[in-house]
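Just follow the structure's listing: the first ligand is 1, and inside any ligand the first atom is 1. By convention here, the first residue in the shown sequence is residue 1.
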Amino acid sequence: MTARLLELSGIRAAHGGITVLHGIDLAVRAGQVVALLGPNGAGKTTTLKVAAGVHPPTGGRLLLGGRDATGMPPGDLARAGVCLIPEGRGVFPNLSVRDNLQMMTFTGRAREEIEETAYARFPALGTRRAQAAGTLSGGEQQMLALARGLATDPAVLLLDELSMGLAPLVVAGLYEHVAEIARQGVAVLVVEQFATAVLKLADHAAVLVRGRIRWQGHPDSSLHAELSSYYLGSPT
Ligand SMILES: Nc1ncnc2c1ncn2[C@@H]1O[C@H](COP(=O)(O)OP(=O)(O)O)[C@@H](O)[C@H]1O
Ligand SMILES: [Mg+2]
């Protein structure tokens with residue numbers, strides 16, 4: 001088994017003095033897709049923000065490649081290969097697809113290389129390179145957000161609610177890309193409120209409820225039973 005690239009150990013975090021994460025233990029290995037599931041307000045986004053260094057933990061440790069990265073500034077974590085794709089599509093709507101990608105040249109990679117890599121992975125972006133990102137479909141905007149994230153050559157990819165507001169077929173297509181990204185060795189931590197699509201590719205899943213992990217293991221029928229107890233009337 002490959003080494004743990006990202007590890008959260010006993011992570012606690014608060015918003016405005018109120019503790020919302022009460023000791024999270026979670027690890028993602030290279031090439032793995034780990035799904036963090038749970039209802040609205042459970043603390044999923046906060047967990048990703050702690051992992052990316054944009055929200056400080058009040059306790060516990062963040063480990064990157066086995067080394068303590070607790071309290072490391074987000075820029076240092078990004079340079080170390082941690083990439084967060086935030087909820088609600090990390091693209092600039094008024095800029096073209098090409099300009100959205102061009103901004104990623106801060107990574108030191110050439111514009112042509114970034115564009116070619118993005119269009120090879122997501123041909124739909126290539127045909128729309130001059131179009132304003134805000135006029136793309138929701139699925140295409142997520143492709144662009146992924147392409148921007150991949151331009152940083154991440155070791156750890158953190159995805160927050162990739163499926164938000166998208167049709168099931170579009171979500172399935174995006175998750176095929178996520179599976180491919182993991183196969184190339186990236187450690188992927190996916191947060192979703194509604195589980196269906198991500199469980200097909202997840203190697204490991206955790207259910208977060210009110211800031212505590214209630215269940216974690218290989219996605220199987222016991223996970224489905226666990227989820228249905230927290231999502232009354234919701235698709236699992
Ligand atoms: N910026 C914030 N200020 C105050 N409370 C927040 C903030 N962000 C999140 N919270 C609270 O922290 C808890 C966890 O939120 P969040 O991590 O966004 O959950 P999830 O992503 O699972 O919906 C919720 O109770 C939420 O209201
Ligand atoms: Mg959230």
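- Linking ILVMFWY residues whenever their side-chain heavy atoms come closer than 4.5 Å, directly or via other members, places I213 and L62 in the same cluster.
- We find that R61 and D68 are joined by a salt bridge, their nearest charged nitrogen and carboxylate oxygen being less than 4.0 Å apart.
- Side-chain contact, E180 with Y175: no donor N or O sits under 3.5 Å from an acceptor N or O.
- Q131 and S96 form no side-chain donor-acceptor contact under 3.5 Å, judged by distance and modelled atom types alone.
- Using a 4.0 Å cut-off between charged nitrogen and carboxylate oxygen, E226 and R214 do not count as a salt-bridge pair.
- Ligand 1 lies under 4.0 Å from heavy atoms of H15, V20, P39, N40, G41, A42, G43, K44, T45, T46.
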Would L189 and V156 satisfy side chain to side chain contact (heavy atoms under 4.5 Å, CB included), going step by step from the backbone distance to the final call?
CA-CA 8 Å; L189 177 56; V156 176; 5.7 Å; no
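- Judged by distance alone, the side chains of H204 and Q216 do bring a donor and an acceptor atom under 3.5 Å apart.
- Test R12, R210, H15 against V20 for side-chain contact (heavy atoms from CB on, under 4.5 Å) and you get one pass: H15.
- Shown here are the protein N/O/S atoms lying under 2.8 Å from the Mg ion (ligand 2), water excluded: T45 OG1.
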Test log, rule side chain to side chain contact (heavy atoms under 4.5 Å, CB included), inputs T19 and H22
CA-CA 7 Å; T19 299; H22 303 270; 3.6 Å; yes
